[in-house]
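Each ligand, and each atom within it, is numbered from 1 in the order the structure gives. Sequence positions, counted from 1, serve as the residue numbers for this chain. Reckoned from all heavy atoms, side chains included, excluding hydrogens, waters and symmetry mates.
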Amino acid sequence: MESGIMTANHVRSQAITEVLTRPAVQTAETRPLSETWATDVFNLTKMEEALSKTAFKAVKKTVTTGEPLDPATADIVAAAMKTWAMSKGAKFFSHVFYPLTNITAEKHDGFIVTNSDGQAITEFTGSLLIKGEPDGSSFPNGSLRMTNAARGYTAWDPTSPAYIMWTANGATLMIPSVFMSWTGESLDKKIPLLRSISAMDVSARRVLTLMGETDIAPLNASCGPEQEYFLVDQHFAAARPDLLLSGRTLFGAPPAKGQEFDDHYFGAIPERVQVFMQAFEEKLYRLGIPAKTHHNEVAPGQFEIAPYHEAANVAADHQQLLMTVMKATAAEHGFLCLLHEKPFAGLNGSGKHVNWSVGNATQGNLLDPGTSPEHNLNFLLFCGAVIRGVHKYGPLLRAVIASASNDHRLGANEAPPAILSVYLGDQLEGVYNDIKAGKISVSSDGGVMDLGLSQILNFQRDPGDRNRTSPFAFTGNRFEFRAVGSSQSISGPLTALNTMLADSLTWVADQLETQLEKGLTRPEAVAVVVKELMELHGDAVFGGDGYSSEWHEAAVAERGLRNLPTSAEALPVYTEPDVIDLFERTGVLSAVELNARYEVYSEQYINSIAVEARLVVDMARTVIYPAALKYAADLATTYAAANEVGISFDTAQVKIIAENANLLLSTATQLESALESHDFADTKAHMEHSATSIRGLMETARGYADALEAQVDDAVWPLPKYREMLFIK
Ligand code: ADP
Ligand code: MG
């Protein structure tokens, strides 16, 4: 730079140069899957090799049934785990846990201890494996902090395998764990998920037993989460304080070309991105994460990865790990990986579609309609239970996906609406409606079905039959919760789904029991129960256009569903009596634990908006206004000089710039004072202030700034523009 001073616009032009001249990425040698798969995971296969037959049997039982492990076996497992990890060069181990943020937390400890001669020996006992003790007060814990102690404990979750994390300089043994307070309350996202699976297992077992099943393996939920994300070259990101600190652009005029041609979706993946994906997936395979699909998404610069589905608890841990590995690998490839739900205004946002089903080893996937009548009956009950759950607890499902960032997406006419309904597809919706209308009846003499229930349900699955406007859609053998945000942990949604299902299956079991006691056959009883269920809860089923304004009106006015467009409205659902009752009854969360969640998530909501608002003020004053002013001064000088030689330019442009620059500054000042308000009746009122006043002013400021971007000389504009961030790879 001539002047020696790096001005903002130099940063931008230098970023463009850097990106265009960046050296090709170093490609690694590719190795066959058989050599990489799960090499860094201490899974059952490795345990079987390392443990005695008895110890292995005990661990396997714990992994498959969740039964506790005895301390003696834990010692044996710890020793084997340490030997395995040290053979890979690990000198440290860490409990990995999932606090009430969306991130993953770790506390590292060395295997090393020294003896009295100062010699290094290593130690890792069952008790170290089982229990760790990070400081609980450094993590968000809501009112649980009051309960007299800062202590928090992590405890090994043997149902999710330990693994090795590598850096260029070594290996660390990572142990998936739960995180609780000294008083035993859950401070994390894993404990309620595990409890919700047990609750679902108990009530599902009751239903299956009533349906005459005798051999019933433990039930579990499965999940295959699809992750959408954006990649932006780090040089651009480094010149955008908003991307760095808030993960999204708070300013930015729309580019001339956006996603209108639909030419990015499933288009050829840019080579640089594909090289990143392959490196990333190589790491996932080593970690035993079954990466299955990757492709371009709708917006330019947007992509998706989906692993194959796994048991919910493992899928949730793997999803967290996937986000960590994805960000780190992107950085190695010169990208900033954006998991924010709406990094760029005017373009599609990113979601995390949570595909979810429940089943076991004996009855299979209970959300698969299958072909045989008995299984169809089980299916009708389980799928019906999901419908009831969404109807009764739709607002809860909205609450568990509430966040400042996901609010930009929900209901924004490109993502699922904030009203929770179920999409079943024409055929299945028809079956349920026929049952509701009493069209499918069953003869009383021994369970032969008049209308051949089995044939009706023997429908063809059509993968093309999708409703992208539904927040919660049946997709052939699972439900797809599409409204989950791309940066969110999937544990909250999975916990809510399992819990509402547990509750509904208990209701189903009660009804079935009553009907069977009356002497009805099983098919008759199922028809009666499903009919009743549809009469009470069929209003949650909706197959139309979820984006339309007609639906928004009808859903609320005619069907009584709740529309909770912002998190300020959705988060208080955590404190509603029927939700507290649901979680207490199923043993998934106590009222205290729920309230702690409400407090933590509300605080996060308020804080995220405050951080963004402060950035808006800062960038408006110190980056955008000065650029506009300089250019306006330039123009004014030129006009004056031109006047002297008798040339007169139209001065409209400088006036527009002056007007927008003034308005930008005054809005920044208003925003600053809005941020200072603190007299709120309660947290909800504070959240509403953030959702409306603060967000409103941020939008207004953005309007002026984006108008300036459209007027100011491109050569002096300081911030990388949308076209650069989205199209230069
Ligand atoms: P889409 O067509 O919806 O984009 P993808 O192939 O990208 O589908 O992702 C579908 C996801 O659903 C995968 O993770 C897949 O493993 C998962 N899935 C398939 N069957 C089930 C199931 N029974 N339970 C849970 N997840 C499932
Ligand atoms: Mg999908």
(message) Any nitrogen or oxygen of Glu226 lying under 3.5 Å from a nitrogen or oxygen in ligand 1? Just yes or no.
(response) yes

(message) Within the 4.0 Å heavy-atom shell around Thr293, which atoms of ligand 1 are there?
(response) 7 (O)

(message) For ligand 1, which is the ligand I care about here, please tell me if Ala306 has any N or O atom under 3.5 Å from one of the ligand's N or O atoms.
(response) no

(message) Any atom of ligand 1 sitting under 4.0 Å from a heavy atom of His353?
(response) no

(request) Report the part of Arg478 (side chain from C-beta onward, or backbone N, CA, C, O) that has a heavy atom under 4.0 Å from ligand 1; answer both or neither where that applies. (result) side chain

(request) Counting heavy atoms only, name the option from Ser357, Gly224, Gly359 that's nearest to atom 23 (N) of ligand 1. (result) Ser357

(request) Examine the side chains of Gln227 and Glu304 and answer whether a donor and an acceptor come within less than 3.5 Å of each other. (result) no

(request) Considering the heavy atoms of Glu480, write down every atom of ligand 1 situated less than 4.0 Å from one of them. (result) 3 (O)

(message) I'd like to check Tyr423 versus Glu429 (side-chain heavy atoms, cut-off strictly below 4.5 Å). Are they in contact?
(response) no

(message) Measuring only between side-chain heavy atoms, which start at C-beta, is Leu561 closer than 4.5 Å to Phe542?
(response) no

(request) From the options Leu100, Thr101, Val96, select the one residue that forms a side chain to side chain contact (heavy atoms under 4.5 Å, CB included) with Tyr98. (result) Val96

(request) Indicate the ring-plane relationship of Trp356 and Phe472, choosing parallel, tilted or perpendicular according to the 30° and 60° boundaries. (result) tilted

(request) Please examine the side chains of Ile401 and Pro493, heavy atoms only from C-beta on, and report whether any two atoms are closer than 4.5 Å. (result) yes

(request) Taking the side chain as every heavy atom from C-beta outward, state whether Pro176 and Pro161 have any pair of such atoms under 4.5 Å apart. (result) no

(message) Residue-level breakdown please: for Glu304 versus ligand 1, do any non-hydrogen atoms fall below 4.0 Å on the side chain, on the backbone, on both, or on neither?
(response) side chain

(message) Looking at ligand 1, is there an atom of it that comes within less than 4.0 Å of some heavy atom belonging to His295?
(response) no

(request) Please indicate whether any nitrogen or oxygen in Tyr308 is less than 3.5 Å from any nitrogen or oxygen in ligand 1. (result) no

(request) Classify the side-chain pair Gln320/Asp317 by whether it contains a donor and acceptor separated by less than 3.5 Å. (result) no

(request) Just jot down the ligand 1 atoms closer than 4.0 angstrom to any heavy atom of Pro307, in number order. (result) 13 (C), 14 (O), 16 (O)

(message) Which of the numbered atoms in ligand 1 are under 4.0 angstrom from any heavy atom belonging to Asn365?
(response) 23 (N)

